[in-house]
Amino acid sequence: MKTIAKTIFLDNIKSKIVLIYFLMLALLSWTALLLESSESKGTLTLLNIVLFIIPLMSLLYTTIYLYNARGFIVLLLTQPLRRSQIWHSLYAGVGGSLLLAFVLGCGVPLLLYTDPGSAAILILMGSCTTLIFVSIAFLTTTLFPDKTRGIGGALLLWLLFTMLWDSMLLYLLMVFAEWPVETPIMGLLMLNPIDLARFQVVLKMNVSAMMGYSGAAFKQFLGASGGIALSALLLLAWIVTPYVMSLSRFRSKDL
């Protein structure tokens with residue numbers, strides 16, 4: 001298993017797409033941190049970039065890679081290997097390469113130009129977001145045998161989580177303004193991993209005026225420590241649950 005994971009990892013870090021991804025993150029990170037007038041503004045600018053680009057790249061790259069590697073996966077299945085070993089190796093190789101690109105591209109400038117605490121939480125949330133959307137991509141490829149539908153499904157999920165989710169919640173709040181809808185809204189917010197990651201970062205930086213609706217609602221409803229603990233558990237669930245579901249389908253899937 002380690003040999004397969006290492007081979008997949010080395011193959012991915014040599015990919016032109018992963019190299020371009022690393023260079024793009026590095027360029028955006030250095031630019032955001034060096035051109036902004038204050039550290040907080042630079043970090044928040046980078047946060048928005050991270051929460052927009054990382055989900056898209058993780059979803060699309062992983063989805064396309066798994067569809068294109070179908071022949072390689074079939075070849076591995078002819079060997080005396082358990083399906084779980086193959087799936088774990090694929091996840092470690094693809095997820096590890098994207099994590100390395102993110103940590104080197106964003107982590108180095110963050111550690112050099114921001115507060116260590118802010119840098120650590122942003123790197124941690126970026127890493128969690130990478131693994132979450134790699135897990136979702138693994139599940140997407142097992143749900144859609146057709147490559148076109150799989151890529152389309154990945155793009156729709158990215159659009160939903162990054163752009164549409166908060167808009168729908170704000171619409172619901174306006175429609176049901178006279179009703180006590182705080183608890184249902186909290187439940188809906190917890191279903192979006194990007195909101196969870198954003199909440200962790202902005203609460204750590206204590207910039208409530210720039211938190212937006214999602215973070216402000218979490219802070220008011222749960223409190224700082226309770227919100228951080230709950231969102232951390234939910235982020236872990238977002239990493240594990242889609243991957244376990246994809247593994248279950250892969251074990252029984254006829255390739």
Side-chain angles (χ1 to χ4, degrees), residues 18 20-59 61-62 95-136 158 161-163 165-166 189-190 192-219 222-240:
V18 174
I20 292 172
Y21 176 54
F22 157 70
L23 292 173
M24 179 178 62
L25 286 177
L27 177 63
L28 291 173
S29 299
W30 287 97
T31 302
L33 294 173
L34 291 177
L35 294 184
E36 288 289 354
S37 57
S38 68
E39 177 186 315
S40 296
K41 289 183 179 180
T43 305
L44 289 173
T45 300
L46 186 56
L47 171 64
N48 290 325
I49 293 172
V50 164
L51 295 181
F52 185 84
I53 294 176
I54 287 179
L56 178 62
M57 181 61 183
S58 300
L59 268 174
Y61 179 80
T62 305
S97 63
L98 293 174
L99 268 181
L100 181 64
F102 163 71
V103 171
L104 293 180
C106 289
V108 173
L110 278 170
L111 291 172
L112 290 176
Y113 292 102
T114 64
D115 173 74
S118 299
I121 192 65
L122 186 53
I123 293 172
L124 179 60
M125 289 303 102
S127 301
C128 287
T129 304
T130 298
L131 294 178
I132 286 169
F133 284 92
V134 169
S135 296
I136 294 174
W158 171 77
F161 286 132
T162 56
M163 299 182 185
W165 197 264
D166 280 357
L189 281 172
M190 295 174 192
N192 189 346
I194 294 179
D195 276 340
L196 293 172
R198 182 187 294 114
F199 167 70
Q200 291 275 20
V201 175
V202 295
L203 195 59
K204 168 66 178 177
M205 295 176 62
N206 197 26
V207 283
S208 57
M210 305 180 70
M211 290 172 75
Y213 172 75
S214 302
F218 258 118
K219 186 174 183 179
L222 299 171
S225 58
I228 289 176
L230 180 58
S231 58
L233 290 174
L234 291 170
L235 284 170
L236 181 60
W238 266 107
I239 296 173
V240 174

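Below, all heavy atoms of this structure are taken into account, side chains as well, without hydrogens, waters or symmetry copies.
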Does any non-hydrogen side-chain atom of L99 lie less than 4.5 Å from one of V134?
-> no
Heavy-atom closest pair, residues T62 and S58 = OG1-O, 2.7 Å
For V103 and S127, which heavy atoms make the closest approach, and how far apart are they?
-> CG2-OG, 4.2 Å
Between I54 and Y21, is any pair of side-chain heavy atoms under 4.5 Å apart?
-> yes
Shortest non-hydrogen contact from G126 to V50?
-> CA-CG1, 4.2 Å
Separation between CZ (F22) and SG (C106), nearest 0.5 Å, reads 10.0 Å
Might you work through the side chain to side chain contact (heavy atoms under 4.5 Å, CB included) test for T114 and L122, ending with a clear yes or no?
-> CA-CA 10 Å; T114 64; L122 186 53; over 6 Å; no
Student check: side-chain heavy atoms of I136 and F161 closer than 4.5 Å | yes
Between W238 and F133, does the ring centroid distance fall short of 6.0 Å?
-> no
If you round to the nearest 0.5 Å, how far is CG of L124 from SG of C128?
-> 4.5 Å
Smallest heavy-atom separation, I194 atom then P55 atom, equals CD1-CG, 3.8 Å
Quick one: pull up CG in L196 and CD1 in I132 and give me the separation to the nearest 0.5 Å.
-> 7.5 Å
All heavy atoms of L104 vs all of P109, minimum pair found to be O-CD, 4.4 Å
Shortest non-hydrogen separation from L235 to P193 and the atoms involved | CD2-O, 3.8 Å
With L51, the side chain to side chain contact (heavy atoms under 4.5 Å, CB included) member among T129, L46, D195 | T129
Contact check, side chains of L28 and I53, non-hydrogen atoms, under 4.5 Å = yes
Evaluate side chain to side chain contact (heavy atoms under 4.5 Å, CB included) for D115 paired with T43, printing each intermediate quantity in order.
-> CA-CA 10 Å; D115 173 74; T43 305; over 6 Å; no
Answer whether the closest heavy-atom distance between the side chains of W158 and M57 falls below 4.5 Å.
-> no
